There are 2 protein chains.
Amino acid sequence: MSIGTIRVLIADDQMMVREGFSVLLNAMPDIEVVGEAVNGRQAVERVRELAPDVVLMDIRMPELNGIEATREIVAADTTAKVLVLTTFDLDEYVYQALRAGASGFLLKDASARQLADGVRVVAAGEALLAPSVTRRLITEFSKLSDPPRLMSTAHAAYGDLTDRETEVLVLIAQGLSNAEMAERLVVAESTIKTHVSRILVKLGLRDRTQAAVFAYEARLVTPK
Amino acid sequence: MSIGTIRVLIADDQMMVREGFSVLLNAMPDIEVVGEAVNGRQAVERVRELAPDVVLMDIRMPELNGIEATREIVAADTTAKVLVLTTFDLDEYVYQALRAGASGFLLKDASARQLADGVRVVAAGEALLAPSVTRRLITEFSKLSDPPRLMSTAHAAYGDLTDRETEVLVLIAQGLSNAEMAERLVVAESTIKTHVSRILVKLGLRDRTQAAVFAYEARLVTPK
DNA sequence: GCTGAAATCAGCCACCTGGCCGATTTCTTC
DNA sequence: GAAGAAATCGGCCAGGTGGCTGATTTCAGC
């Protein structure tokens, strides 16, 4: 494996991004960009055609998003490893991507060195995560493995919101639209609307802005 | 990033292992083994003395095991990243190591290439996990829902807002509708709409909910 | 007195939002 | 197995919201 060059496929709907990564990676003697794709659907096809070692996968793409594309690529028994790239280290994306079978997750602001190393690492079969991602993963994980989980907190407090509703409330308090939340949680927008409505009724609020205010006042979310 | 060579400390009670890794890593032009330790206690000391970039840490060691040693090294605010190495990918070890603050976790049967890449990756600040480990971590973790985090965009300072606009922004962050604000400020609703629009444009936001979030994040308003 | 910024107001319009109705599926609980 | 809670999805619709254009008035600064 370490003999030949690492063959990479870049999947991103933005030309600038593809160009940048392409130049960057081709500058490495052991890495070669063998193809590009402008959406998830095309990425899946290209993987079949080109059998690359690594796929640099953007999440937000038309046709078929990076998560779904990753799922399909992994489902097919290709040897290709998927390294997901995104601008923001959104939790949901990370978990979804990794659960979809991605080998790694990096932020787009990674340096050339980090990117190249990342490609090599996943090509070698390891898993790679951005530090901020891992940190949250660990902290979250230790929360559920540690016994000090007394009841309440996410439950009885805020007017009997269900877990899912609380989850949605937090997203509202981050300024996401219904469509964005739907994409984030991978459900239909109508589902989100249902959750939002129930939240407003249960909390006795009028609109999502009041919900956001409530979330801050109730310390469900806190200023950075 | 890593302009100079990456300085590595090897902590393992077995001489053969230390030797092997040492030769292996020193063969890399950008990596230099600057010291060794035969137990956890010594590893902690050596880190203080040598300030290495990366510590290759075995788990089973006399005096102070790798987990505890990692905890101490991370507790001290050294810049050293800990890459834990072990023969078996035992769950307890993995979780404990990661919670102790390790940056990565690799199996000892990793190839020279994998090891070297691993060192480079953690030195660059990323986190590295063997794939089997990541998978378990994800599955374990995904059993529980989570409170995501997002906050994008570097906006211009809200100092660009006029007094009146700031006033309106505060009201938005109190959950008032345009009609209510109009009544409160004794102006027409259309006037409020104009203010709201300008606020959104100036701050690069999409809707009033994001404006409310912004107000809280910018401490323009603070939770009760 | 001219100028520019700020505050005020109006109308139009596409879109998102929230309310309301109903429906299915999966679980837990009894 | 019945009953209920939770999560999912769809459709319809009135109304609020935000974008865009244009206009008036006041006032500070030159």
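Within every chain, numbering begins at 1; the chains are lettered A, B, ... in the order of the sequence lines, protein sequences first and strands thereafter. This structure is a prediction, so every number in the text was calculated from the model and none was measured.
One interatomic measurement links the two molecules: CZ of B:Arg208 to C1' of D:dG18, which rounds to 9 Å at whole-angstrom precision. The distance from atom CG of B:Leu176 to atom C1' of D:dG16 is 15 Å, rounded to the nearest whole Å. Rounded to whole Å, atom P of D:dG16 lies 15 Å from atom CG of A:Leu200. A:Asp163 places its CG atom 7 Å from the P atom of D:dA7, with the value rounded to the nearest Å. Going from atom CG of B:Leu185 over to atom P of C:dC9 covers 10 Å, rounded to whole Å. If you measure from atom NZ of B:Lys193 to atom P of D:dG22, you get 17 Å, rounded to the nearest angstrom. A straight line from CD of A:Glu167 to P of D:dA7 spans 9 Å, rounded to a whole angstrom. One atom, NZ of A:Lys202, and another, C1' of D:dA6, lie 9 Å apart when rounded to the nearest Å.
In this structure, B:Val196 reaches the sugar-phosphate backbone alone: every heavy-atom distance under 4.0 Å involves primed, P, OP1 or OP2 atoms, never a base. At a threshold of 4.0 angstrom between heavy atoms, the contacts of A:Thr194 include nucleobase atoms, whether or not backbone atoms are also involved.
Each end of the helix from C:dG1-D:dC30 to C:dC30-D:dG1 yields a helix axis from five base pairs, and these two axes differ in direction by 50° (to the nearest 10 degrees).
Ion pair A:Arg48/A:Glu72 not flagged as a salt bridge, since none of the NZ, NE, NH1 or NH2 atoms sits closer than 4.0 Å to an Asp/Glu carboxylate oxygen. Using a 4.0 Å cut-off between a side-chain N of Lys or Arg and a carboxylate O of Asp or Glu, A:Arg184 and A:Glu167 do not qualify as a salt bridge. Ion pair A:Arg120/A:Asp30 flagged as a salt bridge, since at least one NZ, NE, NH1 or NH2 atom sits closer than 4.0 Å to an Asp/Glu carboxylate oxygen.
Between B:Glu189 and A:Val201, it is B:Glu189 whose nearest contact on DNA chain C lies nearer the 5' terminus.
Contact annotation: B:Arg206 side-chain N/O to D:dG18 OP1/OP2 distance is not under 4.0 Å. Distances shorter than 4.0 Å separate some side-chain N or O of B:Ser190 from OP1 or OP2 on C:dA10. At D:dG19, one or more side-chain N or O atoms of B:Ser197 fall inside 4.0 Å of OP1 or OP2 (strictly under the cut-off). For B:Asn178, a side-chain nitrogen or oxygen approaches OP1 or OP2 of D:dT17 to under 4.0 Å.
Judged by distance alone, the side chain of B:Thr78 and the main-chain N or O of B:Ile73 form a donor-acceptor pair under 3.5 Å. At least one donor-acceptor pair under 3.5 Å links the side chain of A:Glu165 to the backbone N or O of A:Thr162. Of the possible polar contacts, none joining the B:Arg208 side chain to the B:Leu169 backbone as a donor-acceptor pair under 3.5 Å is found. In this structure, the side chain of B:Arg206 does not engage the main chain of B:Leu200 through any donor-acceptor pair within 3.5 Å.
In the set D:dG18, C:dT8, D:dT8, the nucleotide with an atom closest to the side chain of B:His195 is C:dT8. The side chain of B:Thr162 approaches C:dA7 more closely than any other nucleotide in the set C:dA7, C:dA10, D:dT8. Residue A:Ser177 places its side chain closer to C:dT17 than to any other of D:dG18, D:dA7, C:dT17. Out of D:dT8, C:dT8, C:dA7, the shortest distance to the side chain of A:Arg164 is found at D:dT8.
Nearest heavy atoms, A:Ala212 versus B:Val213: CB-CG2, 4.5 Å.
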